[in-house]
Amino acid sequence: MHWLEKEDTSPLIGVRRRDVLKGLAASVVASATSAFSGYAHAADANDRLPIENGREIAVDSRPLMTVRIAAAPPQKVGAVPHGTRIIVPVTGGDFDGPRLRGQILPGGGDWLLLRSDGVLELDLRITLQTDDHALIYMTFQGLRHGPPDVIAALSRGEAVDPASYYFRTVPRFETSVEKYAFLNRIITIGVGETRPDGAVHRIDEIL
Amino acid sequence: MASRLLMTLQVVVPPPQKLGAVPHGTRVIAPITGGTFEGPRLRGKVLPGGGDWLLTRPDGVLELDLRITLETDDGALIYMTSFGLRHGPPEVLAALARGESVDPSKYYFRTAVRFETSAPQYAFLNRLIAVASGDRRASGPIYTIDEIL
């Protein structure tokens with residue numbers, strides 16, 4: 001028996017996961033059928049991922065907050081050894097979620113790198129201040145890519161449906177305030193949207 | 001959050017190197033000597049030479065910082081990094097430390113995973129964000145890695 005199949009009987013993998021694993025063998029056959037007909041991620045089409053071998057599932061998560069970032073005009077550093085560097089100073093913004101809300105302090109930034117394969121890497125550092133005056137240091141690393149016409153529209157500052165490109169981040173947090181110490185202990189994922197007036201990130205806690 | 005299974009990864013970890021108290025916490029380095037991975041789009045083995053640089057923080061949270069090289073069954077090399085957090089009730093963590101088998105739903109063990117490869121057939125890995133759910137076994141951890149869609 002293959003060790004993956006052995007995992008089937010383990011309590012570590014929930015019913016949802018077991019179903020996925022059991023479905024893998026059948027997924028090639030099912031590739032052109034309804035199992036994937038609802039799969040409409042544009043970035044995926046752009047990347048030509050072999051979707052016949054993967055069934056869409058859902059990582060257990062819950063909303064943490066939405067972060068809206070206001071930025072100054074970017075500093076275009078240009079061609080550097082790893083790609084094209086752009087530094088975007090963060091001037092402010094706000095965030096709100098079920099367990100925290102407040103303002104983004106000025107002084108942070110996003111150190112963007114456009115890689116040679118066309119993928120934009122994001123590397124953000126900002127300070128959040130909650131409405132009850134706690135300071136939270138937030139960082140993320142992320143990736144943004146999509147079809148050339150969509151990326152071109154974004155660079156022209158146009159409003160673009162965020163479902164038409166891939167913009168995902170891995171935020172991390174540090175705080176000394178006990179009320180928000182749960183942020184020190186969670187893995188989170190952000191779904192980003194580039195808007196004409198700044199970036200918006202919907203961040204989920206991975207449960 | 002929408003996702004799909006990328007792979008399940010099992011790494012082989014010999015006895016770790018216990019460095020003890022360092023400025024950021026308690027450092028343990030776990031060399032990785034091998035392992036296997038299997039998913040709908042890739043499968044293969046873990047090459048020896050990587051490791052997991054573990055730090056137990058003063059707040060009791062274990063930070064995991066893993067670097068390994070994967071070799072697919074068609075000969076491609078993939079550099080994988082993972083940063084994660086593990087924490088849970090003291091009695092559960094004590095059982096893990098004793099090498100006992102523990103239901104992974106009893107503790108939090110999640111990581112964020114990144115990949116680098118030059119192989120065209122696996123270049124999609126360069127462009128995705130992935131999260132892993134870990135299960136710490138006595139023989140080494142098992143990670144179920146999902147691509148975030």
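Numbered from 1 within each chain, the chains take letters A, B, ... in sequence-line order.
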Is B:Arg57 close to chain A through its backbone or its side chain, or both, or neither, when contacts mean heavy atoms under 4.5 Å?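 Only the side chain of B:Arg57 comes within 4.5 Å of chain A.
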Engaged part of B:Asp59 at the chain A interface, taking heavy atoms whose separation is under 4.5 Å: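 For B:Asp59, the contact with chain A is made by the side chain alone.
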To the nearest 0.5 Å, how far apart are CZ in A:Phe140 and CZ in A:Arg125?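 Here the rounded value is 12.5 Å.
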So which residue, A:Val170, A:Val191, A:Ile189, ends up with the most heavy-atom pairs under 4.5 Å with chain B?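 Highest number of heavy-atom pairs under 4.5 Å: A:Ile189.
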Contact class of [X] relative to chain B, heavy atoms under 4.5 angstrom:
{"X": "A:Ile186", "result": "both"}
{"X": "A:Arg144", "result": "neither"}
{"X": "A:Asp117", "result": "side chain"}

Where does the angle between the aromatic ring planes of A:Tyr166 and A:His145 fall among parallel (under 30°), tilted (30 to 60°) and perpendicular (over 60°)? parallel
Cation-pi geometry met for A:Arg172 and B:Phe83 (6.0 Å, 45°):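 Ring-cation test returns yes.
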Side-chain donor-acceptor pair under 3.5 Å between B:Thr111 and B:Ser82, yes or no?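 Indeed, the side chains of B:Thr111 and B:Ser82 share at least one donor-acceptor pair under 3.5 Å.
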Salt bridge flag under 4.0 Å for residues A:Lys179 and A:Asp132: yes
